[in-house]
Enquirer: 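Dropping a structure here in structure tokens format, bear with me for questions.
Values in this document were obtained by computation on a predicted structure and should not be read as measured data. So that the names make sense, note that chain A is the first sequence line, chain B the second, and so on, each numbered from 1.
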Protein chains: 2
Amino acid sequence: MARPAKRKKLSERGLQLVARRFKVLSEPARLKLLMALEQGEQHVSALMELTGLTQGNVSKHLGILMEAGMVDRRKQGLNAFYFIADQQILDLCELMCAKLEQDFSKDSAHFR
Amino acid sequence: MARPAKRKKLSERGLQLVARRFKVLSEPARLKLLMALEQGEQHVSALMELTGLTQGNVSKHLGILMEAGMVDRRKQGLNAFYFIADQQILDLCELMCAKLEQDFSKDSAHFR
DNA sequence: TTACTATATCACGATATAGTAGTATTCAAG
DNA sequence: CTTGAATACTACTATATCGTGATATAGTAA
């Protein structure tokens, strides 16, 4: 009984919504932004520096992250300070990352 | 101290790999297939019935899931039985789903 | 107002991927 | 060996989205 958990059935619409969320995380640029925000809020120019992305690109991806409710922003004068709105998102990324590592170590074991 | 966890920095390549995994989960058709496989292995024709997808489409998406190591297959005669290779993937989906629900209920609370 | 800065948005070319239709392959039965 | 069934693969079209460059907007300062 390794997996007794009960899972709910998702409707077509539910699947679509879940898929859409995963898609937001399926872009290296956005993951990079999330990681840059991990230590605290940053304004756009700082994020450009931290990520190496262009201004328009940063702004666009932040917009996508914000629409997904993953980040939020606080405006102050000319600056816009973005911050992670939902720490659980980071947990998801970490989980995925851990799984990747585990898979790799499993595969590499075949050569030892 | 709500979040004392230490997170490793990911290289550009690492980000790319994580993003790629999320992308595999960012397609309703693939999520549907994973859910259909939740209760046990299924052969392709059964998956066509369960998901309503066409044969070529099912085969293609299963290929993508397999390449990502999320499902695996066992051949028996003419049939190919696919099964979930990594239960942790389902946990990820469930987490995302739970987060969605939570966000929705939070938003809808503003109207009560 | 005018000028400057930070950010957002728009338009566009390039690329990627979903779905489909048709074809190829593989196995089993006769 | 031939036929039929289950699955995989290939070629194609349509759509979506990334990155970029140009422009628009909003706040600040002189």
Enquirer: What is the distance, rounded to the nearest whole Å, between atom CG of A/L33 and atom P of C/dT7?
Expert: 13 Å
Enquirer: By the side-chain hydrogen bond (donor to acceptor under 3.5 Å, both in side chains) test, which pairs, at least two apart or in different chains, include something from residues 50-60 of chain B?
Expert: B/N57-B/H61
Enquirer: Ignoring backbone atoms, establish whether B/H61 has a side-chain N or O less than 4.0 Å from OP1 or OP2 of C/dG19.
Expert: yes
Enquirer: Mind listing the residues from residues 48-57 of chain B sitting with a heavy atom below 4.0 Å of DNA chain D? Number order is fine.
Expert: B/Q55, B/G56
Enquirer: With sequence neighbours left out, write down each residue that passes ring-ring contact (aromatic ring centres under 6.0 Å, His included) with B/F81, or none if nothing qualifies.
Expert: B/H43
Enquirer: If you compare every side-chain N and O of A/R73 against the phosphate oxygens of C/dA8 (OP1, OP2), does one of them come in below 4.0 Å?
Expert: yes
Enquirer: B/H43 side chain N/O closer than 4.0 Å to the phosphate oxygens (OP1, OP2) of D/dA6?
Expert: no
Enquirer: Please name all residues satisfying side chain to side chain contact (heavy atoms under 4.5 Å, CB included) with A/L95, sequence neighbours left out, ordered by chain then number.
Expert: B/L92, B/L95
Enquirer: Ignoring backbone atoms, establish whether B/S45 has a side-chain N or O less than 4.0 Å from OP1 or OP2 of D/dT7.
Expert: yes
Enquirer: Cut-off 3.5 Å, no hydrogens considered: what does the side-chain donor-acceptor table look like for residues 16-26 of chain A, sequence neighbours left out?
Expert:
residue : atom : partner : partner atom : Å
A/Q16   : OE1  : A/R13   : NH1          : 2.8
A/R21   : NH1  : B/D103  : OD2          : 3.0
A/R21   : NH2  : B/D103  : OD2          : 3.1
A/S26   : OG   : A/K23   : O            : 2.7

Enquirer: Roughly how many Å is it from NZ in B/K23 to C1' in D/dA16, rounded to a whole number?
Expert: 10 Å
Enquirer: Any side-chain N or O of A/Y82 less than 4.0 Å from the OP1 or OP2 oxygen of C/dA6?
Expert: no
Enquirer: Could you tell me whether A/K32 and B/E12 have a side-chain N and a carboxylate O separated by less than 4.0 Å?
Expert: yes
Enquirer: Does B/R73 come within less than 4.0 Å of B/E41, counting only side-chain N to carboxylate O?
Expert: no
Enquirer: What pairs of nitrogen or oxygen atoms, one from the protein and one from nucleotides 24-28 of chain D, lie under 3.5 Å apart?
Expert:
none

Enquirer: Would you say that B/L37 contacts B/L47 through its side chain, given a criterion of any heavy-atom pair below 4.5 Å between the two side chains?
Expert: yes
